[in-house]
Amino acid sequence: MDLVSKLENERTELKCRLDKLTLFLDEQRKEQTVSDRQLVLLNRQWLLMCGYLSILDWRINDLEEQHD
């Protein structure tokens, strides 16, 4: 498996986790079931995961451009 494929797999897994976290945070806006501190930490986690996803996209695009 080449590097691009590995990164794409990593991206797919991360996107799935990010989608689940997004749904959970949406539910928490309707009815909070975790502590305020946990909610703050989960929102920070969501932001960092979004950044991580963007970096994976940039890396994949960069590697694909090198092969063109």
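Note that these values count all heavy atoms, side chains included, but never hydrogens, waters or copies made by symmetry.
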**Asked** Taking only residues at least two apart or on different chains, which pairs with a member in residues 35-45 satisfy salt bridge (Lys or Arg N to Asp or Glu O under 4.0 Å)?
**Response** none

**Request:** List for me each residue that meets side-chain contact (heavy atoms from CB on, under 4.5 Å) alongside Leu3, sequence neighbours excluded, and say none if there are none.
**Result:** Leu7, Arg59, Leu63

Please report, to 0.1 Å, the donor-acceptor pairs under 3.5 Å made by any side chain of residues 50-58, with sequence neighbours excluded.
residue : atom : partner : partner atom : Å
Tyr52   : OH   : Glu10   : OE2          : 2.0
Ser54   : OG   : Cys50   : O            : 3.2
Asp57   : OD1  : Arg11   : NE           : 2.4

**Asked** If you group Ile, Leu, Val, Met, Phe, Trp and Tyr by side-chain heavy-atom gaps below 4.5 Å, do Phe24 and Val40 land in one group?
**Response** no

**Message:** For a quick check under 3.5 Å, do Asp62 and Gln66 share a side-chain donor-acceptor pair by atom type?
**Reply:** yes

**Prompt:** Is it the case that one hydrophobic cluster holds both Leu39 and Leu47, taking links as side-chain heavy atoms less than 4.5 Å apart, direct or via other members?
**Reply:** yes

**Item:** Same apolar cluster (I L V M F W Y, side chains within < 4.5 Å links), Leu25/Val34
**Value:** yes

**Residues forming a salt bridge (charged side-chain N to carboxylate O under 4.0 Å, His left out) with Asp26, sequence neighbours excluded** = Arg29

**Asked** For the atom pair CG (Leu23) and CG (Leu18), what is the distance rounded to the nearest 0.5 Å?
**Response** 10.0 Å

**Item:** Qualifying residues under salt bridge (charged side-chain N to carboxylate O under 4.0 Å, His left out), relative to Lys15, sequence neighbours excluded
**Value:** Asp19

**Request:** Please name all residues satisfying side-chain hydrogen bond (donor to acceptor under 3.5 Å, both in side chains) with Ser35, sequence neighbours left out, ordered by chain then number.
**Result:** none

**Prompt:** Any side-chain heavy-atom pair from Glu8 and Glu64 closer than 4.5 angstrom?
**Reply:** yes

